[in-house]
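Some notes on the structure that comes next.
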Amino acid sequence: MKKIKILIACGSGIATSTIGADVVKEICKNLKISSFEIIKCTMTEISSMEKNVDLILTTNNYTGKTQIPHISITGFITGINEDALREKVKKQILGIYQQLKQ
Amino acid sequence: MIDQYVYPELVWVHKLFPNKEDLFKTVARNLYNKGFVNEQYSESLISREIKFPTGLALEDYFVAIPHSDCKNVKKSFVSVVILDKPVIMNKMDDPEIEIPVEYVFFLGMNNDQDHIKFLKEVICIIKNKKLILKMKKAASSEKIISLLSTDSLGGRLLDPA
């Protein structure tokens, strides 16, 4: 099946997005989803990359308008409401997975 | 692992700065003088912070993790500044919101090390309220170094606080 493409963005494209990517990999592993691809980028690159992805996750504030589902994942850095955030991201990934399977 | 990047000359305690610009310029100058960053680092750090702030609100304290491009970093580091009075910074996930930050961790990563491990350990430190409070009470940079040493943190670094 088609891979779920998850874009993870932060200011520099290397720091907090790296943490976010690590958490998302863990979530996918727990969901037993192996058909996914994580793409990291800077916040300014989001607009040029969003067309090719299924989900956008950001640690910095994202003000762009997009049809693609977007979730702010700063909670993975601070730990504040992290459990609820994990559930939210998990549900979103599961939803996309089920859509792509059809 | 992270302790190898926490150099004594980069750890400051009981510091006072009127604002973040002053803090950033002073830290950047120190890093440049000691050979950790290039000339472009200071401007890059400040302009990145304006566009994409690095302030974080934790349980009941505030930290910041300013950093810029890898290309400005000559030698990897974590420069820790514990402030006696907070400086106003902006929240990473909501830049309109100002927060009073007392614990600043300037992160310098180049491509020489394992980014994931480096960052995970930094995040564990900032999420560890007990450790942060101990750092606040530290009378000297040597104390901070010892709090962040592998011996002191051991396996506990990756345990929840």
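Atom set for the values below is all heavy atoms of this structure, side chains included, hydrogens, waters and symmetry mates excluded. Letters A, B, ... are given to chains in the order of the sequence lines, protein chains preceding strands, and every chain is numbered from 1.
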Exercise for the section: Assess whether atom CG of A/Asn81 is packed by more than 12 heavy atoms of other residues, nucleotides or ligands within 6.0 Å. Expected result: no
Exercise for the section: Indicate yes or no: does A/Glu87 engage A/Lys90 in a salt bridge with an N to O separation below 4.0 Å. Expected result: yes
Problem - Which portion of A/Ser72 sits near chain B, non-hydrogen atoms under 4.5 angstrom - result: side chain
Practice task
Could you check which of A/Ile77, A/Ile80, A/Asn61 has the highest count of heavy-atom pairs closer than 4.5 Å to chain B?
Solution key: A/Asn61
Handout entry: Among B/Lys91, B/Glu96, B/His67, B/Lys51, residue most engaged with chain A (heavy-atom pairs, under 4.5 Å)
Key = B/His67
Problem - B/Glu49 and B/Lys20 ion-paired at < 4.0 Å - result: no
Exercise for the section: Answer yes if the ring centres of B/Phe106 and B/Phe77 are under 6.0 angstrom apart, and no otherwise. Expected result: no
Fill in the blank from the handout: So CD1 of A/Ile39 and CD1 of A/Ile6: to nearest 0.5 Å the spacing works out to 9.0 Å
Handout entry: Heavy-atom neighbours of B/Glu43 CD exceed 12 at 6.0 Å
Key = no
Practice task
Under 4.5 Å heavy-atom distance to chain A, tell me which part of B/Ile65 shows up: side chain, backbone, both or neither.
Solution key: side chain
Handout entry: Pair B/Lys25 + B/Glu21, salt bridge at N-O below 4.0 Å
Key = no
Problem - A/Ile14 versus chain B, the contacting section by heavy-atom distance below 4.5 Å - result: both
Fill in the blank from the handout: So, the part of A/Tyr62 with a heavy atom under 4.5 Å from chain B: the answer is neither
Fill in the blank from the handout: Most contact-rich option vs chain B, by heavy-atom pairs under 4.5 angstrom, among A/Gly75, A/Gly11, A/Cys10, is A/Gly11
Handout entry: Greatest number of heavy atom pairs closer than 4.5 Å to chain A - which of B/Asp94, B/Leu58, B/Asp69
Key = B/Leu58
Practice task
Against chain B, label A/Thr78 side chain, backbone, both or neither, depending on which of its atoms sit under 4.5 Å from a heavy atom there.
Solution key: both
Completion exercise
Bottom line for A/Asp22: the part with an atom under 4.5 Å from chain B's heavy atoms is side chain
